[in-house]
*Asks:* 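One structure follows; several queries about it will come next.
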Amino acid sequence: MDCPLQSDKSQVFAHADPHAVSEYVNRHVGSHCILMPNHGKPSASLSHRPLANLDLCRISYGGSVRVTSSALGTLYHLQILLKGHCLWRGGEGEHHFIPGELLLINPDDPVDLTYSDDCEKLIVKIPASFLDKACSDNQWRRPSEGIRFSPRHNLGELDGFSSLLGLVCDEAESEHALPLIQEKYASIIAGKLLALLKSNVSYDPLSDGNPSFEHLSQFIEENIKKDINLEHLAQLGQMSLRSLYALFEKSAGTTPRQYIRQRKLESIRNSLSDPRMGARSITEISLDYGFLHLGRFAENYKKAFGELPSETLRRHS
């Protein structure tokens, strides 16, 4: 990964007994058992931070270890391999995960993993109820049997997700973390997973026919504070991504992504211009609309309106 994930601030164990680390994981991350070789003295390490409804855990057992669990119960595990390799055994056979690959373990999936001596991974623990809520918030249809993801994914193919993980880890370690902002980050993680990873979640169309640009524009307005995925938008329009781009070029003279960004910026400008907004900060409002890189947000805002958001706020305060 290009961005660091968790610093020494989050370290719980260093050069520790793997069984002590395993016991901690059982209490905070998920129930499992480990099987270690009888020879050698492996040295394990673990970093851990909660973030709203999530738990972030960076773990290395320092030796070859087999990790098993009958199931995770009501939890999903998002596991990103950072170093070494990890053999996964599942319903689709076996696969050696390498750095940059992502494993998504569903609540009822048996766990059978073998770490290499140098294996290190980041585990994100996600309660099933939290993903259910994200599905409902985005007006997606949750299957009656529960949300199930495909297990194997390439992190490099998930647009912006690597950078998002880095931001989330930084926020979890912040000395001045605010619960509202942490909840916003956690919601973005859940929404991104549902939007980017292959799953059994279905997306309700806006209408029985092929929606017009006005219908898609209305959907964007109604969900302006959410992370609107273009693939989802194309599904709502019952068209290909290429057709979606052609529709927005014809109707708005721009791309779908630029159109969504402009509408978000305009909504933020309206909020900053409203004297009734009170003491809410620019940072808080921009995060409401999914702008995680505040410097880039300010640049886009000035390009769109010829002034910084702070200048807009000052003129109307």
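All of these numbers come straight from a predicted model, not from anything done at the bench.
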*Asks:* Counting N and O atoms only, with roles assigned by atom type, does the side chain of E173 sit under 3.5 Å from a partner on the main chain of S7, one being a donor and the other an acceptor?
*Replies:*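 Pair found, side chain donor or acceptor close to backbone of S7.
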
*Asks:* Partners of N270 by side-chain hydrogen bond (donor to acceptor under 3.5 Å, both in side chains), sequence neighbours excluded?
*Replies:*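 So N270 forms no side-chain hydrogen bond (donor to acceptor under 3.5 Å, both in side chains) with any residue.
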
*Asks:* So if I apply the side chain to side chain donor-acceptor pair (under 3.5 Å) rule between Q218 and each of E222, H215, E214, which one comes out positive?
*Replies:*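 Running side chain to side chain donor-acceptor pair (under 3.5 Å) over E222, H215, E214 with Q218 returns exactly one hit, E222.
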
*Asks:* Does K133 have any salt bridge (charged side-chain N to carboxylate O under 4.0 Å, His left out) partners at least two apart in sequence or in another chain, and if so, which?
*Replies:* D137

*Asks:* Does the distance from a Lys or Arg side-chain N to an Asp or Glu carboxylate O, for R58 and E120, drop under 4.0 Å?
*Replies:*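 Yes, charged N to carboxylate O under 4.0 Å.
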
*Asks:* Looking at residues at least two apart in the chain, or sitting in another chain, which of them share a side-chain hydrogen bond (donor to acceptor under 3.5 Å, both in side chains) with E157?
*Replies:*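 With sequence neighbours excluded, E157 shows a side-chain hydrogen bond (donor to acceptor under 3.5 Å, both in side chains) to no residue whatsoever.
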
*Asks:* Can you measure from OG (S162) to CG (L102) and round to the nearest 0.5 angstrom?
*Replies:* 10.5 Å

*Asks:* Taking the cut-offs as 6.0 angstrom to the six-membered ring centre and 45 degrees off its axis, would you call R269 and F305 a cation-pi pair?
*Replies:*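 Geometry flag: set, cation within 6.0 Å and 45°.
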
*Asks:* Might you work through the side chain to side chain contact (heavy atoms under 4.5 Å, CB included) test for I34 and T68, ending with a clear yes or no?
*Replies:* CA-CA 7 Å; I34 64 169; T68 59; over 6 Å; no

*Asks:* Applying salt bridge (charged side-chain N to carboxylate O under 4.0 Å, His left out) to R142 and D132, what does each step give before you reach the verdict?
*Replies:* CA-CA 7 Å; R142 176 190 177 278; D132 290 344; 2.9 Å; yes

*Asks:* May I ask you to test the P151-L104 pair for a side-chain heavy-atom distance under 4.5 Å?
*Replies:* no

*Asks:* Considering residues at least two apart in sequence or located in another chain, which fulfil the side-chain hydrogen bond (donor to acceptor under 3.5 Å, both in side chains) criterion with K198?
*Replies:* none

*Asks:* With rounding to the nearest 0.5 angstrom, report the CZ to CD1 distance, F291 to I282.
*Replies:* 13.5 Å

*Asks:* Would I126 and L193 count as a side chain to side chain contact (heavy atoms under 4.5 Å, CB included) if you check the C-alpha gap in whole Å, the side-chain angles of each, and the deciding distance to 0.1 Å?
*Replies:* CA-CA 11 Å; I126 310 169; L193 290 178; 3.3 Å; yes

*Asks:* Does anything in residues 9-24 pair up under salt bridge (charged side-chain N to carboxylate O under 4.0 Å, His left out), and if so which pairs, sequence neighbours excluded?
*Replies:*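 Qualifying pairs, neighbours excluded: E23-R27.
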
*Asks:* Just by modelled atom types, is the F219 backbone N or O under 3.5 Å from a matching donor or acceptor in the N223 side chain?
*Replies:* yes

*Asks:* Heavy-atom distance under 4.5 Å between the side chains of K83 and D118, does that happen here?
*Replies:*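 A side-chain contact is absent here, since even the closest heavy-atom pair is not under 4.5 Å.
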
*Asks:* For H95, enumerate each residue passing the ring-ring contact (aromatic ring centres under 6.0 Å, His included) test, keeping only those at least two apart in sequence or located in another chain.
*Replies:*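 H95 satisfies ring-ring contact (aromatic ring centres under 6.0 Å, His included) with F97 only.
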
*Asks:* Closer than 4.0 angstrom, basic N to acidic O: yes or no for D112 and R66?
*Replies:* yes

*Asks:* Could you list the residues that satisfy ring-ring contact (aromatic ring centres under 6.0 Å, His included) with Y24, not counting sequence neighbours?
*Replies:*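 Checked Y24 against ring-ring contact (aromatic ring centres under 6.0 Å, His included); matches are F13, H28, H48.
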
*Asks:* Which pairs count as side-chain hydrogen bond (donor to acceptor under 3.5 Å, both in side chains) when at least one residue sits in residues 247-259, sequence neighbours excluded?
*Replies:*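 Applying side-chain hydrogen bond (donor to acceptor under 3.5 Å, both in side chains) to every pair that reaches into residues 247-259, excluding sequence neighbours, yields S217-Y259, T254-Q258, T255-Q258.
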
*Asks:* With no hydrogens and no angle check, do the side chains of Y301 and T312 hold a donor and an acceptor under 3.5 Å apart?
*Replies:*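 The answer is yes; a qualifying pair exists.
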
*Asks:* Any side-chain to backbone donor/acceptor pair from S174 onto H176? Under 3.5 Å, distance only.
*Replies:*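 Side chain of S174 to backbone of H176, a donor-acceptor pair under 3.5 Å: yes, one is there.
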
*Asks:* For the backbone of S243 and the side chain of S240, can you confirm whether one donor and one acceptor N or O come within less than 3.5 Å of each other?
*Replies:*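 Yes.
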
*Asks:* Checking R89 against T114: is there a side-chain donor and acceptor pair closer than 3.5 Å?
*Replies:* yes

*Asks:* Would L78 and I123 count as a side chain to side chain contact (heavy atoms under 4.5 Å, CB included) if you check the C-alpha gap in whole Å, the side-chain angles of each, and the deciding distance to 0.1 Å?
*Replies:* CA-CA 6 Å; L78 172 69; I123 300 174; over 6 Å; no

*Asks:* Roughly how far apart are H15 NE2 and S45 OG, rounded to 0.5 Å?
*Replies:* 8.0 Å

*Asks:* Hey, any chance L308 and Y289 share a hydrophobic cluster, counting ILVMFWY side chains that come within less than 4.5 Å of each other, even indirectly?
*Replies:*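 No: no chain of side-chain contacts under 4.5 Å links L308 to Y289.
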
*Asks:* For residues 230-245, which residue pairs qualify under salt bridge (charged side-chain N to carboxylate O under 4.0 Å, His left out), counting only residues two or more places apart or in two chains?
*Replies:*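 Checked against salt bridge (charged side-chain N to carboxylate O under 4.0 Å, His left out) - neighbours excluded - no pair reaches residues 230-245.
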
*Asks:* Write down the atom of A16, the atom of V21, and the distance for their closest heavy-atom approach.
*Replies:* CB-CG2, 4.2 Å

*Asks:* So does I224 get a backbone contact from the side chain of K264, meaning a donor-acceptor N/O pair under 3.5 Å?
*Replies:* yes

*Asks:* Give a yes-or-no answer on whether the side chains of H232 and W140 include a donor-acceptor pair shorter than 3.5 Å.
*Replies:*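 Present: a donor and an acceptor within the cut-off.
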
*Asks:* Hydrophobic clustering (ILVMFWY, side-chain heavy atoms < 4.5 Å, transitive) - are L82 and L87 grouped together?
*Replies:* no

*Asks:* At what distance, to the nearest 0.5 angstrom, does SG of C57 lie from CD of Q79?
*Replies:*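 The distance works out to 9.0 Å.
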
*Asks:* Would you name the heavy atoms of P99 and G84 that are closest together and state the gap between them?
*Replies:* CD-O, 3.1 Å

*Asks:* Mark yes or no for whether N200, through its side chain, and R148, through its backbone, hold a donor-acceptor pair below 3.5 Å.
*Replies:* yes

*Asks:* I want to check something: taking the side chain as every heavy atom from C-beta on, are V201 and F149 in contact at a cut-off of under 4.5 Å?
*Replies:* no

*Asks:* I need the minimum non-hydrogen distance between G30 and L75, along with the two atoms involved.
*Replies:*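 Answer, listing the atom of G30 first, then L75: CA-CD1, 4.4 Å.
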
*Asks:* On a heavy-atom basis, which atom in P143 and which in I147 lie closest, and how many Å separate them?
*Replies:* CD-CG1, 4.4 Å

*Asks:* Per the ring pair (Phe, Tyr, Trp, His ring centres under 6.0 Å) rule, what does the pair list look like for residues 106-131, sequence neighbours excluded?
*Replies:* Y61-Y115

*Asks:* Linking I/L/V/M/F/W/Y whenever their side-chain heavy atoms sit closer than 4.5 Å, directly or via other members, would L241 and F213 fall into one cluster?
*Replies:*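 Yes; tracing contacts between hydrophobic side chains, which count when under 4.5 Å, links both residues.
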
*Asks:* Going by heavy atoms in the side chains, are E171 and I181 under 4.5 Å from each other?
*Replies:*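 A side-chain contact under 4.5 Å exists here.
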
*Asks:* Please name all residues satisfying side-chain hydrogen bond (donor to acceptor under 3.5 Å, both in side chains) with S22, sequence neighbours left out, ordered by chain then number.
*Replies:*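 S22 satisfies side-chain hydrogen bond (donor to acceptor under 3.5 Å, both in side chains) with H32 once adjacent residues are dropped.
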
*Asks:* Would you kindly confirm whether L287 and L178 end up in one hydrophobic cluster when ILVMFWY residues are joined by side chain heavy atoms under 4.5 Å apart?
*Replies:* yes

*Asks:* Could you tell me which residues satisfy salt bridge (charged side-chain N to carboxylate O under 4.0 Å, His left out) with D227, sequence neighbours excluded, listed by chain and number?
*Replies:*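 Salt bridge (charged side-chain N to carboxylate O under 4.0 Å, His left out) check on D227 returns K192.
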
*Asks:* Yes or no on side chain to side chain contact (heavy atoms under 4.5 Å, CB included) for V29 and H77, after CA distance, side-chain angles and deciding distance?
*Replies:* CA-CA 9 Å; V29 185; H77 269 194; 3.7 Å; yes

*Asks:* To the nearest 0.5 angstrom, please state how far the SG atom of C86 sits from the CG atom of L103.
*Replies:* 7.5 Å

*Asks:* Give, for atom CZ of F161 and atom CD1 of I80, the distance between the pair rounded to the nearest 0.5 Å.
*Replies:*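 One finds 6.0 Å between CZ of F161 and CD1 of I80.
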
*Asks:* Identify the two heavy atoms, one from L230 and one from P256, that lie closest to each other, and give their separation to 0.1 Å.
*Replies:*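 Looking at all heavy atoms of both residues, the shortest contact is CD2-CB, 3.8 Å.
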
*Asks:* Could you check whether any side-chain N or O of D117 sits under 3.5 Å from a backbone N or O of S64, counting only pairs where one atom can act as donor and the other as acceptor?
*Replies:*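 It does hold such a pair.
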
*Asks:* How close do P50 and A172 get, counting heavy atoms only, and between which atoms?
*Replies:*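 Result for this residue pair: O-CB, 4.1 Å.
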
*Asks:* Establish whether L265 and L294 are linked, either directly or via other cluster members, by ILVMFWY side-chain heavy-atom contacts under 4.5 Å.
*Replies:*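 Different clusters: L265 never reaches L294 through Ile, Leu, Val, Met, Phe, Trp or Tyr contacts under 4.5 Å.
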
